[in-house]
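Below: one structure, written as structure tokens.
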Amino acid sequence: MTVDNSDFKPSAGDRPADIRIAIFGVGLIGGSLALCWKGKPGMTIVGHSVNPSSVAKYLSLGVVDEGTTSIAEAAVNADFIFLCVPVGRLNDYLDELARLPLKAGCIITDVGSTKASVVAHANTIDLGEAVFLGGHPMAGSERSGVEAATIDLFENAFYVLTPTGDTPPNALERMQELLRWTRAKVVVTDSVLHDSIVGAISHLPHLIAVGLVNQIARYNESNDLYRSLAAGGFRDITRIASSDPIVWRDILVNNKDVLLTLLADWKMEMERFAELLEREDGEGISEQFRQANGFRKQLPERRKGMIHSLHECYVDVPDHPGVIGRIATELGQARINLSNLHIVESREDVPGTLRLSFKEAADLEQAVALIRGMQYKVYF
Ligand SMILES: NC(=O)c1ccc[n+]([C@@H]2O[C@H](COP(=O)([O-])OP(=O)(O)OC[C@H]3O[C@@H](n4cnc5c(N)ncnc54)[C@H](O)[C@@H]3O)[C@@H](O)[C@H]2O)c1
Ligand SMILES: O=C(O)C(=O)C[C@]1(C(=O)O)C=C[C@@H](O)C=C1
């Protein structure tokens with residue numbers, strides 16, 4: 001079942017009853033969730049960290065309304081508790097919460113990248129009048145920490161919930177209602193199935209990316225050209241290798257059994273390629289690419305922002321200060337109505353790419369001519 005909140009437009013009629021949301025671990029995910037609810041009528045966000053300086057940072061950044069290092073102070077009066085810590089800590093937090101007099105009907109949830117173990121553990125403890133409902137937003141970044149949090153991180157992404165047969169329907173409804181503010185699409189599935197699927201589309205890619213980077217790093221010990229010449233292809237496939245080591249240690253160890261099966265399949269996939277290369281089977285190799293191209297084209301396009309323009313172009317821009325401003329200024333002076341500008345890639349010493357969106361085809365045509373006149377490469 002999927003509930004699409006991507007067109008959610010908060011209005012007076014959506015004013016929630018006064019609710020208190022406790023977020024344990026206000027990092028990338030916890031902080032981005034906090035930003036979705038911060039300042040909304042009737043909502044109070046309490047941030048928890050074991051580290052007092054982290055609590056101070058959450059407050060100084062204005063991501064939460066209140067902050068504490070006390071689990072009890074954060075949790076006791078909460079209507080919702082989001083556990084946004086590494087998955088290796090989830091069971092400990094659940095055990096701590098089980099010892100507290102939580103509010104009747106309090107929904108405890110997590111955002112962990114694995115679900116089966118935390119859902120199973122929650123089923124073995126007495127949470128009193130509180131309820132556990134596993135959750136996992138299928139959105140994130142290789143960056144971490146509250147500084148990386150953004151309000152639109154979950155927009156148009158899928159947010160997985162993993163209720164069990166014991167989950168009260170009302171709890172699922174209340175959670176879906178709260179998650180409307182993230183503008184994510186809520187999807188409900190089984191926790192074990194979740195770990196098999198997410199293991200394949202998320203955990204295995206992270207493991208492969210890290211292995212590839214470390215393989216090239218070893219080659220680079222003999223010649224620094226490996227690092228110097230690494231361009232878009234290597235950077236694209238290895239972006240996620242920069243993810244947090246502790247967060248990913250926990251994810252991979254927690255999903256070990258699934259990953260060992262996936263790795264066996266991956267080795268067979270690589271063996272298949274090796275055989276094609278051994279035989280110099282060009283057609284076989286091309287077919288592998290055709291199959292991959294075909295499947296990848298079916299991946300859902302995830303758009304953020306309200307404008308879904310049909311008229312877009314891409315511009316390669318050198319990494320010089322002010323380039324983006326110059327292009328926007330030239331378009332403005334030509335009175336071309338630019339509806340959206342998205343920086344697709346922008347990193348040091350790597351050319352950036354802009355995606356320019358227009359509501360009208362005529363605006364796109366004018367813009368392409370103008371930008372090409374500025375000697376930038378424009379493509380579609
Ligand atoms: N990074 C992603 O793309 C992503 C996406 C979806 C879900 N998740 C899940 O979200 C959770 C948090 O990941 P994140 O990316 O926000 O990481 P993060 O490092 O940005 O935030 C983790 C938070 O947990 C706290 N923390 C770390 N170690 C702790 C410990 N031992 N005890 C108590 N608190 C601790 C940190 O202070 C921080 O506030 C993880 O369970 C992860 O699997 C991550
Ligand atoms: O967007 C990224 O960089 C992510 O890695 C997010 C990503 C993934 O796509 O694998 C990573 C971990 C999550 O649990 C969910 C999604």
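Order of appearance sets the numbers: ligands from 1, and atoms from 1 within every ligand. Numbering starts at 1 and runs along the sequence shown.
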| message | Measuring centre to centre across the rings, with the benzene-like ring taken for any Trp, is Tyr93 within less than 6.0 Å of Phe24? | response | yes
| request: Using a 4.0 Å heavy-atom cut-off, say whether Ala139 meets ligand 1 through its side chain, its backbone, both or neither. | output: backbone
| task | Mark up the atoms of ligand 2 that fall under 4.0 Å of a heavy atom belonging to Ile240, in ascending order. | result | 3 (O), 5 (O)
| In terms of side-chain heavy atoms, does Asn51 have a donor or acceptor partner in Ser49 at a distance below 3.5 Å? | no
| query | Would you say His203 touches ligand 2, if touching means a heavy atom closer than 4.0 Å? | reply | no
| said: If the contact criterion is a heavy-atom separation under 4.0 Å, does Ser54 count as touching ligand 1? | reply: no
| query | Judging by distance only, is a nitrogen or oxygen of Pro137 under 3.5 angstrom from one on ligand 1? | reply | no
| Numbered atoms of ligand 2 (with element) below 4.0 Å of Glu142, judged on heavy atoms | 3 (O)
| message | Test of understanding: given a 4.0 Å heavy-atom threshold, classify the contact between Ser113 and ligand 1 as side chain, backbone, both, or neither. | response | both
| message | Distance check, rounded to the nearest 0.5 Å: Leu33 atom CG versus Ile21 atom CD1? | response | 9.0 Å
| request: Consider every N or O of Ser202 and every N or O of ligand 2, then say whether any pair is closer than 3.5 Å. | output: yes
| query | Does ligand 2 have any atom that is closer than 4.0 Å to a heavy atom of Trp248? | reply | yes
| request: Compute the minimum heavy-atom distance from Phe24 to ligand 1 and say whether it is under 4.0 Å. | output: no
| request: Just do the salt bridge (Lys or Arg N to Asp or Glu O under 4.0 Å) check on Asp79 and Arg174 with the steps written out, would you? | output: CA-CA 10 Å; Asp79 300 283; Arg174 286 171 56 212; 5.2 Å; no
| Can you tell me the protein heavy atom closest to atom 35 (C) of ligand 1 and the distance? | Pro86 CD, 4.0 Å
| task | Answer yes when Glu177 and Arg180 have at least one side-chain N-carboxylate O distance shorter than 4.0 Å, and no when they do not. | result | yes
| remark: atom 15 (C) of ligand 2 sits nearest the protein heavy atom His136 NE2, 3.6 Å
| Quick one: nearest non-hydrogen protein atom to atom 9 (C) of ligand 1, plus distance? | Val111 O, 3.3 Å
